[in-house]
Amino acid sequence: MLSGDQVVIELRGVRKRYTRDIVALEEANLSIPKGEFVFLTGPSGAGKSTLLRMLYKAEEPTKGSIIIDGVDLSSLSKSQIPQLRRKVGVIFQDFKLLYNKTVFENVALSLEVIGLKKSQLATRVRQVVEGVGLADKLHRKVVQLSGGEQQRVAIARAVVNRPPIILADEPTGNLDRKRTTEVVALMEELNARGATIIFATHDDALFENTHRRVLQLRDGKIEEF
Amino acid sequence: MPLGIIFKRALRDIRQNLVTHVMTTIVVALTCLVFIFFSVFSINLQRVADRFGKELAIVVYVKKDLAQEKIPTLYQKIVSMDGIENVKFVSSEEAFKRLEGYFKDEKEILEGVDPLFLPPSFEIQINKAVYNPGRVRSIASALSKWPEVQKVQYGKEWVDRLESFSEAVRAAVIASAVLLLVMAAFVVSNTIKLTVYARQDEIEIMRLVGATNGFIQGPFLLASFFQGVSGSLAALVVGLFCYEYVLNIIGQTGLIRSLHLQFLPPFYMVIIVLVSGIFCMAGTAMALRRFLKL
């Protein structure tokens, strides 16, 4: 569980360089309190995905520190990484689903890894799949679903174990306007239930009239939009 | 993670990836089969060589002028040597009788010949449990140095040939076993790698949703152990069937029957099954390692 209502995501002077010329982040600082919903924007290749990947320790910063729920990620051992990832639900731009498995099996995976009992697991999966509007497709193979439906399966998998932090990497990138609105509404609902959300997108229309904080990645720096 | 859950997940994985699983098992079975054929051949070759060697006896001819009362002492001396199973004294008279028996209808050849012209001897059987050609040679060499002994015969050429043959077979067995193991390691580990690579997306997703390495590895390792065990068992069944079939065709002659050929000893079979299972598990663990780094 996250402690208190303090800052849960923090970047201090983070630099990420792949080579001397390819710089994703340069002296990036960021502070996100518990329960906030922020949009992260910037052109393609600006480093949005890199930033998110560093938050769940799929990549390491070249310099600086990243603190999640008071824990400096550089201090985590390999065996502690799974614990971090159970606290951080990730919705991937390319969905990362198991296409030859059913909706149920895909969503249940997040609960199997935490060792939830079979009966509890089935109930929880049904509830969440129903929540994303796919109750009638629970036992369909993912490959038989449309792009929008697959995206909702990815969301269901990311939130089924009730993570306090959700990172959404272009979750509406492959969706039409109607589906995009549905996904944003779903994320708003998760945030209303207490989840801290970073929603990465390059679609300006999503945050044009929002009261949410919008962070922009420009030349490796994070700026308030 | 409890073993029961790993077991269930392994069975589910096998069911869902049945074709890949069967293909890997077939590769394991074929590799084991080559190994089994070779082992059966070499084990039986060794048995035949040993069997012929064990039938050899050492004959110690005693000096003719040795006093009769010294024979029991000499007998005790020989019996007390290491590696001796049986010692039989053949007196000059008995040796003459054997000679007569050899000539049968042409006994007249021996007429007028002194029945004591043949030297008395001891016929020595080497203990079969500790038999080896080197030991025969060392016993014969030791005996020949005794003052009471006139001559020692032990089929030196035959023992020497047998020894070099046994050594050649042993060297061939070791060299081929090493070669086969390297080949098997290459084929099986690459097949396993392909199996693991085919599921790398699944492994990556499991890692991203917070699965521990144990959660990911467990079912893979158990499934590969099944592959190793079932593949080697299948190879043993096919190997035994082929062995019986071939034996039925060539085993009708008295010579082949007298060799008492056998399939692999039970202990050897258990070792093959276990090593195969462990080998497949190790291969899978190595293939998984690169996907479980960060």
Side-chain angles (χ1 to χ4, degrees), chain A residues 52-60 73-74 76-102 105-118 121 141-143 153-154 156-163 165-167 169, chain B residues 1-24 192-224 226-227 284-294:
Chain A
L52 296 186
R53 283 172 62 76
M54 286 194 291
L55 296 182
Y56 57 88
K57 214 167 161 61
E59 280 191 45
E60 298 284 354
L73 297 193
S74 64
L76 287 183
S77 65
K78 274 185 189 174
S79 62
Q80 289 172 312
I81 295 174
Q83 297 302 324
L84 166 75
R85 290 180 181 166
R86 291 172 195 182
K87 282 202 279 192
V88 181
V90 186
I91 302 160
F92 303 95
Q93 189 175 5
D94 57 354
F95 309 158
K96 292 206 187 300
L97 296 170
L98 297 167
Y99 291 91
N100 61 344
K101 298 207 173 185
T102 65
E105 287 168 333
N106 270 275
V107 178
L109 191 62
S110 292
L111 297 176
E112 280 180 9
V113 302
I114 58 171
L116 203 70
K117 279 185 184 168
K118 207 173 174 183
L121 181 146
K141 287 203 170 173
V142 168
V143 72
V153 176
R157 187 190 59 199
V159 304
V160 71
N161 63 343
R162 298 168 187 163
I165 298 168
I166 296 171
L167 309 176
D169 189 3
Chain B
M1 190 170 44
L3 200 64
I5 293 177
I6 294 178
F7 194 79
K8 275 183 194 164
R9 289 188 55 230
L11 285 181
R12 190 181 66 185
D13 286 352
I14 290 171
R15 213 173 42 239
Q16 289 179 345
N17 302 282
L18 197 60
V19 176
T20 323
H21 184 80
V22 169
M23 293 307 288
T24 312
I192 288 170
K193 259 186 206 165
L194 290 176
T195 314
V196 172
Y197 285 4
R199 294 177 63 193
Q200 59 179 308
D201 287 346
E202 191 178 341
I203 295 169
E204 188 198 354
I205 292 166
M206 283 197 275
R207 289 179 58 235
L208 292 173
V209 298
T212 59
N213 282 354
F215 181 91
I216 298 169
Q217 276 180 314
F220 272 102
L221 295 180
L222 198 59
S224 61
F226 287 154
Q227 285 169 345
T284 304
M286 281 197 288
L288 280 169
R289 210 169 47 177
R290 63 166 291 191
F291 297 112
L292 300 174
K293 278 180 184 159
L294 185 70

(Q) Tell me if the NZ atom of K141(A) is crowded by more than 12 foreign heavy atoms within 6.0 Å. (A) no
Q: Evaluate whether atom CZ of R162(A) has more than 12 neighbouring non-hydrogen atoms of other residues, nucleotides or ligands under 6.0 angstrom away.
A: no
To the nearest 0.5 Å, what is the distance between [atom1] on [X] and [atom2] on [Y]?
X	Y	atom1	atom2	answer
N100(A)	N17(B)	CG	CG	7.0 Å
L208(B)	R53(A)	CG	CZ	7.5 Å
M206(B)	L98(A)	CE	CG	8.0 Å
I205(B)	F92(A)	CD1	CZ	8.0 Å
F215(B)	I114(A)	CZ	CD1	10.0 Å

Q.
Show the nearest heavy-atom pair for residues A211(B) and P82(A), with the distance to one decimal.
A. O-CG, 3.7 Å
Q.
Just to verify, what does F226(B) make a ring-ring contact (aromatic ring centres under 6.0 Å, His included) with, not counting sequence neighbours?
A. F7(B)
Q.
Side chains of R85(A) and V209(B), heavy atoms from C-beta outward: is any pair under 4.5 Å?
A. no
Q.
Side chains of K96(A) and D201(B), heavy atoms from C-beta outward: is any pair under 4.5 Å?
A. no
Q. Between R12(B) and E112(A), is there a salt bridge with N-O shorter than 4.0 Å?
A. yes
Q. Relative to chain B, which segment of E105(A) carries a heavy atom at a distance below 4.5 Å: side chain, backbone, both, or neither?
A. side chain
Q | Toward chain B, the part of L97(A) with a non-hydrogen atom under 4.5 Å | A | backbone
Q: With side chain to side chain contact (heavy atoms under 4.5 Å, CB included) as the test, would you mind laying out the steps for R86(A) and T212(B) before giving the verdict?
A: CA-CA 10 Å; R86(A) 291 172 195 182; T212(B) 59; 3.5 Å; yes
Q | Partner set under salt bridge (Lys or Arg N to Asp or Glu O under 4.0 Å) for D13(B), not counting sequence neighbours | A | R199(B)
